[in-house]
Amino acid sequence: MKIIQVYQKLLKNYGLQGWWPLNNKYCPDNHKLELSKGEIFEISIGAILTQNTSWNNANTALNNLREKKLLTPKNILNADNELLTNCVKPAGYYNQKINYLKNFTKFFQKLKRAPGRMELLKIKGIGKETADSILLYAYKQPNFIVDAYTKRFFTRLGIIKGKNNYEEIKKLVEEKLPRKYELFQEFHALIVEHAKKHYSRKPYGLTDSLFNPDFQ
DNA sequence: TTCCAGGCAATAC
DNA sequence: GTATTGCATGGA
């Protein structure tokens, strides 16, 4: 099956996902909206908080920060450390994440334009997936995000085999699909939605009735 | 109780 | 360059 067909099948089955959730809401018309600087910051902070953590846990932390008025660059950097820690705690890895948040925020404060991927990757705490999440959802750059779900799902479909690294998988998708951010946003969100149901527990994909002909 | 979540950096080989 | 390990909360 071609990659574009995988996307079409997911879209037909689940519909538009409207990522990234902002202020506890998904935005189906996110594609058209011009994001404010505050919204760009919130998406970026959320991308860091959700590293290897469920969105539910990350979102609790995000709401804590919002409640304490810490969802602005200035206030995060001036925040009392104990307060910041308590806000971030539900997201897990809080000792690391409060520093990751500060590192990104210092970078963000000086930013006058959309960041480059390389610049983001230099920040301690921003790896490939987080950088691509920020670029794709906050800055609407056509970067495909590769995550653990994507690797499992594509492996199961036979799209990738064995030891593909992040950049190879990313390139594969970006070269085979129209380079539009709207498409990459929806595709990634759809993969996560589908994979949550069928690729969370080993053996991965055993219940994947949508893509396994044995179930049809 | 065990397993896993929208990873990353440091370290070891 | 690839493999392993520590980081941590909360839900299923």
Side-chain angles (χ1 to χ4, degrees), chain A residues 7 10 14 16-22 24-27 30 42-65 81-105 107 117-139 141 143-156 160-170 173 181 184-207:
Chain A
Y7 168 71
L10 289 171
Y14 296 103
L16 291 171
Q17 300 298 298
W19 275 31
W20 189 276
L22 272 170
N24 298 313
K25 294 194 301 275
Y26 289 85
C27 339
N30 175 27
E42 179 180 331
I43 291 170
S44 305
I45 295 305
I48 292 169
L49 290 174
T50 198
Q51 288 169 357
N52 202 40
T53 302
S54 68
W55 176 251
N56 188 49
N57 284 7
N59 196 40
T60 302
L62 204 54
N63 285 332
N64 289 342
L65 292 172
N81 219 295
E82 194 180 334
L83 177 63
L84 189 55
T85 298
N86 285 332
C87 287
V88 171
K89 214 163 207 171
Y93 306 137
Y94 53 87
N95 285 314
Q96 297 175 350
K97 283 180 181 173
I98 60 172
N99 287 317
Y100 293 176
L101 292 180
K102 287 179 186 172
N103 293 342
F104 172 78
T105 302
F107 169 82
R117 191 166 190 260
M118 292 304 179
E119 302 181 274
L120 288 171
L121 290 174
K122 282 183 197 158
I123 301 168
K124 190 174 161 186
I126 307 284
K128 290 171 183 174
E129 186 180 337
T130 307
D132 287 332
S133 297
I134 293 171
L135 290 171
L136 180 59
Y137 290 107
Y139 290 97
Q141 308 285 319
N143 279 78
F144 184 70
I145 303 167
V146 180
D147 62 2
Y149 282 146
T150 306
K151 289 179 185 170
R152 290 175 201 165
F153 181 44
F154 282 7
T155 299
R156 173 87 175 158
I160 59 173
K161 306 187 198 308
K163 53 174 175 51
N164 300 59
N165 66 34
Y166 189 104
E167 304 296 342
E168 283 172 339
I169 299 169
K170 176 178 165 65
V173 175
Y181 76 85
F184 291 133
Q185 285 185 345
E186 284 302 329
F187 195 19
H188 173 69
L190 285 164
I191 289 170
V192 173
E193 177 65 20
H194 181 63
K196 272 180 181 172
K197 295 190 199 303
H198 302 290
Y199 295 83
S200 279
R201 297 218 171 229
K202 291 180 182 176
Y204 300 128
L206 209 62
T207 64

Please list, one pair per line, the donor and acceptor atoms closer than 3.5 Å that link side chains of residues 118-131 of chain A to other protein atoms, with sequence neighbours excluded.
unit_1	atom_1	unit_2	atom_2	d
A:Glu119	OE1	A:Arg113	NH1	3.1
A:Glu119	OE1	A:Gly116	N	2.7
A:Glu119	OE2	A:Arg113	NH2	3.3
A:Thr130	OG1	A:Gln51	NE2	2.9

From C-beta outward on [X], which listed nucleotide comes closest to its side chain: [options]?
X	options	value
A:Glu129	B:dC8, B:dA5, C:dG11	B:dC8
A:Gln51	C:dT9, B:dC8, B:dA5	B:dC8
A:Asn56	C:dG11, C:dT9, B:dA10	C:dG11
A:Arg201	B:dC4, C:dA8, C:dG10	B:dC4

Would you say [N] has OP1 or OP2 under 4.0 Å from some side-chain N or O of [X]?
X	N	value
A:Thr50	B:dA5	no
A:Arg152	B:dC4	no
A:Tyr93	C:dG6	no

Contact class for A:Gln96 (heavy atom, under 4.0 Å): base, sugar-phosphate, or nothing? base
Say whether A:Thr150 and A:Asp147, considering side chains only, have a donor N or O and an acceptor N or O under 3.5 Å apart. yes
For B:dT11 versus C:dA8, give the span between their P atoms, rounded off to a whole number of Å. 16 Å
Considering only atom P, compute the distance from B:dC8 to C:dG11 and round it to an integer number of Å. 24 Å
Between A:Tyr204 and A:Arg152, is there a cation-pi geometry (under 6.0 Å to ring centre, at most 45° from the normal)? yes
Can you tell me if A:Glu167 has over 12 outside heavy atoms packed within less than 6.0 Å of its CD? yes
